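Start at 1 and go down the list; that is how both ligands and their atoms are numbered. Bear in mind the structure is a predicted one, so any value in this text is a computation, not a measurement. Just so it is clear, the values below take in all heavy atoms, side chains as well, and ignore hydrogens, waters and symmetry mates.
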Amino acid sequence: MTIEVSASLLAADYANLAKDVALAVEAGADSFHFDVMDGHYVPNIALSPQHLIALRPYTSLPFSLHLELGNPDQVLDTFGKLDADIISFQLDRSPDPKTTIERILKRGTKVSMCVNVDVPLEQTLPFINMLDEVLMLGVNPGFGGQPMYPQMGERIQQMSRMIEKEKPGIPIAVDGGVSLKTAPMLVAAGAERLISGSAFFGAPDKAEFVRQMKALG
Ligand code: DX5
Ligand code: ZN
């Protein structure tokens with residue numbers, strides 16, 4: 001299994017975003033993750049889709065946009081061309097997940113559905129076959145640097161089995177609490193995309209961080 005490491009820019013230096021993008025590229029990261037928070041769904045305000053647009057010229061690596069906000073459909077209408085490679089919406093915030101998925105796909109963007117730690121995984125079942133990725137949050141959405149929810153290994157294993165039945169081959173991404181300490185358990189359970197904010201940007205040797213993560217595959 002090939003492990004992909006995605007740098008979550010929530011933990012980057014906001015005064016030097018382009019510089020941190022360059023550092024992550026140099027370290028061997030596979031993609032970048034943008035958390036869009038509006039201060040309503042979560043008590044935090046974070047990156048805007050405008051950051052993604054502004055940073056697009058600085059790397060050709062894929063960008064994933066994670067919509068942690070009140071109404072994903074509204075934002076999709078507000079922002080025109082985003083150049084995101086994949087857009088992830090919160091299952092718990094979509095009034096009608098099928099419509100949200102179709103809306104994202106219509107933009108020519110891949111679609112990912114994000115599942116919070118307290119969401120029973122059966123709720124994802126009707127939608128798995130429409131998705132390009134399942135994103136499993138390892139923490140409550142809103143902030144970086146939180147410890148990972150203890151049941152993640154079991155949840156990922158259960159999700160893997162459901163994907164195997166519904167749409168074999170789509171990857172499980174994990175977001176929140178991903179570090180060199182938690183990654184071996186996540187990969188053993190079936191995760192392929194590791195999204196890391198504070199652990200990645202806090203690592204003294206980012207290339208070594210990426211190397212160790214990828215060696216788990
Ligand atoms: C949490 C965000 C994550 C966050 C993860 O709401 O969706 O993307 O950046 O941060 P760490 O890796 O610090 O847990
Ligand atoms: Zn995220």
Using a 4.0 Å cut-off to any heavy atom of [X], which atoms of ligand 1 qualify?
| X | answer |
| --- | --- |
| His33 | 8 (O) |
| His66 | 7 (O) |
| Pro141 | 6 (O) |
| Leu10 | 4 (C), 9 (O) |
| Gly144 | 10 (O), 11 (P), 13 (O) |
| Met37 | 6 (O) |

Would you call [X] and [Y] a salt bridge, using N to O less than 4.0 angstrom?
| X | Y | value |
| --- | --- | --- |
| Asp85 | Lys110 | no |
| Arg193 | Asp30 | no |
| Glu102 | Lys98 | yes |

Q. Phe32 versus Leu55: any side-chain heavy-atom pair under 4.5 Å?
A. no
Q) Any side-chain heavy atom of Val115 sitting closer than 4.5 Å to one from Leu137? A) no
Q) Asp132 side chain to Val111 main-chain N or O, any donor-acceptor pair under 3.5 Å? A)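 Between the backbone of Val111 and the side chain of Asp132 there is a qualifying donor-acceptor contact (under 3.5 Å).
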Q: May I have all residue pairs that pass side-chain hydrogen bond (donor to acceptor under 3.5 Å, both in side chains) and include part of residues 145-173, sequence neighbours excluded?
A: Glu122-Gln158
(Q) Please evaluate residues Tyr58 and Val25 with respect to the criterion side-chain contact (heavy atoms from CB on, under 4.5 Å), reporting the C-alpha separation (whole Å), side-chain torsions for both, the decisive distance (0.1 Å), and the verdict. (A) CA-CA 10 Å; Tyr58 289 84; Val25 170; over 6 Å; no
Give me the nearest non-hydrogen protein atom to [atom] as residue plus atom name, then the distance to 0.1 Å.
| atom | value |
| --- | --- |
| atom 12 (O) of ligand 1 | Gly197 N, 2.8 Å |
| atom 1 (C) of ligand 1 | Glu68 OE2, 3.7 Å |
| atom 14 (O) of ligand 1 | Gly177 N, 2.8 Å |
| atom 3 (C) of ligand 1 | Asp175 OD1, 3.0 Å |
| atom 13 (O) of ligand 1 | Ser198 OG, 2.4 Å |
| atom 4 (C) of ligand 1 | Asp35 OD2, 3.6 Å |
| atom 9 (O) of ligand 1 | Ser8 OG, 2.7 Å |

Q) If you look at every heavy atom in Ile156 and Ala191, which pair is closest and at what distance? A)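 In this case the closest contact between Ile156 and Ala191 is CG2-N, 3.8 Å.
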Q: Determine, using heavy atoms of Ala11 and all atoms of ligand 1, whether some pair is separated by less than 4.0 Å.
A: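 Heavy atoms of Ala11 never come under 4.0 Å of ligand 1.
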Q: Before signing off on this row, confirm whether Ile195 and ligand 1 have an N or O atom pair separated by under 3.5 Å.
A: no
Q) Between Gly145 and ligand 1, does any nitrogen or oxygen pair lie at a separation below 3.5 Å? A)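 Between Gly145 and ligand 1 (N or O atoms, distance only) the closest approach is under 3.5 Å.
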Q | Those residues that, when tested against Glu192, pass salt bridge (charged side-chain N to carboxylate O under 4.0 Å, His left out) (two or more places apart) | A |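 Applying salt bridge (charged side-chain N to carboxylate O under 4.0 Å, His left out) to Glu192 gives none.
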**Q.** Distance-only polar pair, side chains of His66 and Ser88, donor-acceptor under 3.5 Å
**A.**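 No, no side-chain donor-acceptor pair sits under 3.5 Å.
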Q: Give every residue pair that meets the salt bridge (charged side-chain N to carboxylate O under 4.0 Å, His left out) criterion with at least one member in residues 171-186, sequence neighbours excluded.
A: none
Q.
Quick one, Tyr14 with Leu9, criterion side-chain contact (heavy atoms from CB on, under 4.5 Å). Give me CA distance, side-chain angles, the key distance, then yes/no.
A. CA-CA 8 Å; Tyr14 279 28; Leu9 291 169; 6.0 Å; no
Q: Everything protein-side that's N, O or S and under 2.8 Å from the Zn ion (ligand 2): list it, residue and atom.
A: His33 NE2, Asp35 OD1, His66 ND1, Asp175 OD2
Q: Apply the test side-chain contact (heavy atoms from CB on, under 4.5 Å) to residues Ile53 and Asp83: give CA-CA distance (whole Å), side-chain angles for both, the deciding distance (0.1 Å), then the verdict.
A: CA-CA 7 Å; Ile53 294 166; Asp83 272 347; over 6 Å; no
